[in-house]
Amino acid sequence: MFKDFLLSPPLLKAVEALGYTEPTPIQLRAIPVVLEGRDLMAAAQTGTGKTAAFGLPLLERLLQNPVRQRAPRALILVPTRELAAQVSDACRAMARNLPIRGALIYGGVSAKPQLDALAGGVDLVIATPGRLLDHLESRAVDLSKIEMLVLDEADRMLDMGFIRPIRRIIAALPAMRQSLMFSATFSDDIRVLAKSLLRDPVIIDVSPRNAPPELVDHSIYHVDSSAKHPLLTRLIVDGDMRQILVFTRTKHGANRLAERLVRDGLACAAIHGNKSQGARTRALDDFKQGRIRVLVATDIAARGLDITELPHVVNFELPHVPEDYVHRIGRTGRAGLRGKALSLVSRDERERLRAIEKLLGRAIPVAA
Ligand code: AMP
């Protein structure tokens, strides 16, 4: 029960309004540790409830020790604009009854509203590293009063090459602070970063390393590259599939496939790093609302998308990195619903399939 965590009544009310009745495993284990003021290193993927696992105790700690100042007291760093927006929405919902002000900072949009928000004074900053570093260098943000730092999806931040901005940002923080790190995997790089960042951390691993979500049916189709597109269209139409997230390896591949599916008469959009923030938000919104049936995405663009209860994930191409297979299918089978993950595997991808099966510790069945 959430009330066992001794959260303040306004936070408990917000949790109730969100419809959360039972804490998820990561929440059960992380919330008391964070409330105690300890550092934390947690292995948890999107979909486990990790945002509330750090958001609730972070807000509680800010609330318990009110300080009026212009400089922010807590910083949440995330890899992508989508995740920043999503974490911000979640924090806003949790803090709806609290006198806590937040700012959302990411690139690809005008800096002016962000600068205005920072100048007005905020308690909590949610940011992607690049744009935050810009604001730090132009002295638009003062990070010297940060009491709590959260690195969310730390592994993806390293994959995206954010290590330098992260280190520069951390160098601007006070040494006396509480630090929390969330990562889908604990790679060697992550361990090195954790060592330099965390002090005597409590380590929590709710999803055994690289275990795929349980409620997903996986299957593969062996198919020539040139036959993948017609097969996908047939599977979608014959199976009356709705809300399908399709992964391609490249931005170009995502665009090309989306164009072909549109020509087949399927409502479809592509989402990747070259698209403007507006276009990405719109595509995601259309997808969530059911106005588009197929969303084609690259791994980086899809990271951090919050689409709950997604029934279908299709790997149009297998990822280069086997762990990305687990990330991709982590989008389906959520919230107790059974999801389906289909992979279209061409001859030249057999090696990649073997690497994925090795990681999963089992073979993926071939679809009948
Ligand atoms: P996250 O892993 O933080 O992206 O959360 C995944 C989804 O689970 C989000 O839609 C949350 O709103 C939802 N969620 C988080 N905690 C709970 C909970 N205790 N009960 C039900 N849903 C939750």
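Start at 1 and go down the list; that is how both ligands and their atoms are numbered. Each residue takes its place number in the sequence, starting with 1.
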Salt bridge (charged side-chain N to carboxylate O under 4.0 Å, His left out) between Lys50 and Glu153, worked out: CA-CA 10 Å; Lys50 66 186 166 66; Glu153 305 205 348; 3.3 Å; yes
Pairs touching residues 20-49 that satisfy salt bridge (Lys or Arg N to Asp or Glu O under 4.0 Å), sequence neighbours left out: Arg38-Asp200
Per-atom contacts of ligand 1 with Phe2, taking only distances under 4.0 Å to non-hydrogen atoms: 19 (N)
Options Phe182, Tyr20, Phe54, ranked by nearest heavy atom to atom 22 (N) of ligand 1, top entry: Tyr20
Counting only pairs under 3.5 Å, give me each side-chain donor-acceptor contact of residues 89-97, with atom names and distances, residues two or more places apart or in other chains.
from  : atom 1 : to    : atom 2 : distance (Å)
Arg92 : NH2    : Ser88 : OG     : 3.3
Asn97 : ND2    : Pro10 : O      : 3.1

Those atoms of ligand 1 less than 4.0 Å from some heavy atom in Thr51: 1 (P), 3 (O), 4 (O)
Thr48: numbered ligand 1 atoms lying under 4.0 Å from its heavy atoms: 2 (O)
Glu351 with Arg354: basic N within carboxylate O range, under 4.0 Å: yes
Other residues, nucleotides, ligands: >12 heavy atoms within 6.0 Å of Arg70 CZ: no
Glu22 neighbourhood, listing ligand 1 atoms whose heavy-atom distance to it stays under 4.0 Å: 18 (C), 19 (N), 20 (N)
Any N/O pair Lys50/ligand 1 closer than 3.5 Å: yes
